[in-house]
Amino acid sequence: MKLERSINKILLDIFKYLKSIHLLQAFSNLNSRFNNLLIIHFRTHGLDLRSISKHEFDTLCQQNLPSIAKHITGLRLSDDDDTPNQINLFLSESSTLRQFVQLKKLSLYHISSYATIQKVVVQLRYLPLLTHFDLINCHLKFHQKTLHEILNRIWLLLELKHVHLDLNFVNANEFTTPTIRSKCIEYLIIENSSLNSIQLIRLFRCTPQLRHLTIIIDQLSNDTEFPSKIESISSLKLVVDHLTNGTITLLKNVPNLTSLTLQIENNHMNGHQWKQLIIDYLPKLKIFQFVMLCNVNNEDEMNEMFDSYRTSFWVTERQWYIRCHWKSENNEIAILLYTLPYALQIYNCLFENANGHTKSTCPKEDNYCSYKRVTKLLQHCPISNDWFLSHIRFYNIRHLELTLPVADQNLSTLPRLDRLISLDISSDADADGTIVLSQLQSIINQASRLQYLIIGHWESSSVQQLLLHITSDSIRRLDLQSYHYAKRDRCFNIEQCKTFLSTPLAKQCQVLQIVVNDKLSTNELINGMPNLQALKVVFQPSDRNNHYPGRRVMIRWLASGFSRTVTENLIGTETSRFWIR
């Protein structure tokens with residue numbers, strides 16, 4: 001019995017590293033023991049249906065879901081371009097959320113349809129145990145009144161404790177707040193939507209048990225007043241455009257704060273002022289992390305700013321060290337200040353250039369040079385700060401945005417790329433194409449787990465040729481339309497599509513995003529790419545005076561040739577998306 005338990009534990013540990021769909025394909029209905037192990041796994045880790053094929057999705061819904069739905073405690077669904085319209089299909093009459101009686105965590109990604117999100121919210125009442133609800137990277141367009149009704153339904157859930165709202169609106173300032181009071185929500189993250197002082201006050205009123213809050217706030221007016229102290233909050237993460245007296249007033253009203261993380265684009269406070277605020281109003285603060293930008297008139301003011309963080313309060317008592325980058329810019333000195341170790345998951349190389357300088361308050365200058373928390377690196381400017389680059393290292397980069405060519409010294413900041421899964425690559429207009437291609441292939445060769453390649457800002461006339469020279473055994477997703485797809489020379493004509501189909505990348509590609517100028521190219525791509533699972537195509541006729549088929553004609557034409565096809569016109573584009581096989 002002990003041996004069997006030990007083996008079961010080992011199997012469950014292995015299950016954690018496998019995709020949900022692969023577990024079901026390999027072990028479902030193999031025998032009662034493995035069925036029980038699958039149930040134990042899904043009770044702990046949930047069911048993740050992101051980035052699966054249409055065939056796998058259909059098989060799961062028809063064969064596996066009826067027997068495991070009642071055991072699942074977590075569920076992830078996505079309408080991203082690799083699984084278009086998945087959520088709507090999943091929430092059809094045969095697969096409602098009602099059957100997930102044990103569901104505690106529900107995460108939905110890339111919703112762009114009001115009808116879909118409305119269908120989800122209506123069914124939330126069938127999930128009495130739900131404690132976590134996430135809407136991630138959703139692009140929406142509807143009236144504030146509609147959003148208000150949706151949020152009220154969410155705030156009504158009796159057991160809900162964690163809410164993550166990552167909502168992108170077509171029009172700015174579309175976010176609104178609920179009016180229903182939730183007595184259970186304790187963790188709230190609101191991304192990509194900015195709150196003003198009125199909305200912030202309403203939010204605190206509607207979530208009186210809030211303990212952990214992450215938000216973006218507008219430039220709060222200097223006369224902002226909060227009706228009472230917000231004593232429930234212990235952890236606060238703020239993204240602030242301008243640090244105003246209103247923002248300071250907010251910080252003065254969270255007396256039980258133990259952890260504070262700030263991203264401030266325009267900071268006017270120095271280390272002495274932050275020290276006084278903490279001593280007077282934040283007596284329980286243990287963790288203080290920030291990334292701040294500010295401008296000063298001359299080097300004396302810059303040194304004064306830096307020295308304000310070298311006092312005993314910062315260096316000895318709290319041991320909160322900072323690193324400072326600065327450069328001369330338009331008769332001013334631009335300063336980037338951040339605490340160490342670097343706290344954010346994204347690092348944008350803005351200040352490390354020929355005119356830049358770096359120093360820190362660490363006992364040793366080269367302390368904290370391993371930026372292990374950073375998983376996304378953006379490097380779109382030339383960098384030549386010798387000291388900084390000779391010391392800094394990013395070991396855990398999963399997403400890289402890079403403009404080529406770059407100096408070898410710059411690439412030394414990336415000692416390993418075996419964790420890289422997405423690469424967004426651009427090229428300077430005047431760059432030597434041979435050097436750029438050589439560097440790109442070198443990066444790809446080091447990235448054994450690279451799955452997703454995005455061709456960003458590039459000399460448009462060479463995009464079609466570029467794919468003929470790239471080799472990779474791991475890339476499964478290509479995005480050739482993220483930038484400048486309105487440019488006519490970014491389009492692939494039917495002959496260029498046929499040439500692309502002869503490449504190894506086309507043979508192994510599972511998800512393709514492309515701009516074409518002929519509807520017949522879609523047929524060529526789907527039939528010529530044996531592993532293609534999803535296709536997003538922007539139609540852009542080479543002659544805009546030619547007849548362009550309407551949406552009904554396109555759907556009829558596509559449906560006649562391909563089974564299980566989903567098409568969708570995305571806002572502002574002539575776009576179709578297909579979940580093929």
Side-chain angles (χ1 to χ4, degrees), residues 131-132 160-164 181-191 195 197 199-217 220 222 224-240 242-264 267-292 294 305 308-323 337-345 360-363 368 373:
T131 59
H132 294 65
L160 194 63
K161 294 184 180 297
H162 298 250
V163 179
H164 187 170
R181 174 175 288 211
S182 169
K183 296 182 179 180
C184 53
I185 294 178
E186 298 180 0
Y187 300 81
L188 177 60
I189 299 173
I190 301 176
E191 293 185 277
L195 278 68
S197 57
Q199 292 171 328
L200 192 57
I201 292 171
R202 288 176 180 170
L203 185 67
F204 288 138
R205 185 181 300 125
C206 293
T207 48
Q209 302 303 317
L210 201 57
R211 294 172 53 200
H212 303 268
L213 177 64
T214 299
I215 54 169
I216 303 171
I217 58 176
L220 299 185
N222 290 330
T224 299
E225 293 186 6
F226 294 87
S228 61
K229 301 285 186 182
I230 307 111
E231 297 185 349
S232 62
I233 293 183
S234 61
S235 176
L236 181 62
K237 295 182 180 180
L238 291 179
V239 179
V240 185
H242 286 74
L243 184 64
T244 63
N245 289 338
T247 308
I248 300 304
T249 300
L250 168 62
L251 296 177
K252 290 179 178 180
N253 280 275
V254 283
N256 294 318
L257 206 61
T258 60
S259 177
L260 174 62
T261 301
L262 298 174
Q263 290 178 251
I264 302 177
N267 170 53
H268 61 79
M269 289 177 58
N270 60 33
H272 301 310
Q273 293 167 312
W274 282 111
K275 168 193 170 182
Q276 203 58 48
L277 174 68
I278 292 168
I279 291 174
D280 292 343
Y281 297 98
L282 302 173
K284 298 181 180 181
L285 191 66
K286 302 297 181 184
I287 299 172
F288 185 32
Q289 301 170 323
F290 62 73
V291 176
M292 299 179 183
C294 62
M305 172 70 76
S308 68
Y309 292 94
R310 300 179 69 181
T311 63
S312 60
F313 172 81
W314 290 92
V315 176
T316 305
E317 181 181 337
R318 299 300 177 100
Q319 295 186 352
W320 291 338
Y321 305 120
I322 64 108
R323 179 160 285 144
L337 288 170
Y338 53 82
T339 49
L340 297 170
Y342 186 78
L344 306 184
Q345 291 185 311
S360 75
T361 60
C362 297
Y368 299 107
R373 298 183 186 179

**Item:** Residue among Trp320, Trp314, Phe313 satisfying side chain to side chain contact (heavy atoms under 4.5 Å, CB included) with Glu317
**Value:**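 So the option named by the test is Phe313.
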
**Message:** Restricting to side-chain contact (heavy atoms from CB on, under 4.5 Å), what partner residues turn up for Gln273, sequence neighbours left out?
**Reply:**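 Here the qualifying residues are Met269, Asn270.
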
**Prompt:** Would you call the rings of Tyr187 and His162 parallel, tilted or perpendicular if under 30° counts as parallel and over 60° as perpendicular?
**Reply:**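 If you compare the ring of Tyr187 with that of His162, the planes turn out parallel.
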
State whether the side chain of [X] and the backbone N or O of [Y] hold a donor-acceptor pair below 3.5 Å, judged by distance alone.
X: Thr261; Y: Lys237; result: no
X: Arg323; Y: Tyr368; result: yes
X: Thr339; Y: Phe290; result: yes
X: Ser234; Y: Thr258; result: no
X: Thr247; Y: Leu243; result: no
X: Asn256; Y: Glu231; result: yes

For [X], does the [atom1] atom sit with more than 12 other heavy atoms under 6.0 Å from it, leaving out its own atoms?
X: Lys229; atom1: NZ; result: yes
X: Arg318; atom1: CZ; result: yes
X: Arg373; atom1: CZ; result: yes

**Shortest non-hydrogen contact between Leu277 and Leu251, atoms and distance** =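 Residues Leu277 and Leu251, closest heavy atoms: CD2-CD1, 4.0 Å.
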
**Asked** Looking at Phe226 and Thr224, what are the two nearest heavy atoms and their distance?
**Response**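 Scanning both residues completely, I find the closest heavy atoms to be CE1-CG2, 3.9 Å.
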
**Prompt:** Between the side chains of Ser232 and Gln209, does any donor sit under 3.5 Å from an acceptor?
**Reply:**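 Note: Ser232 and Gln209 side chains miss the donor-acceptor criterion.
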
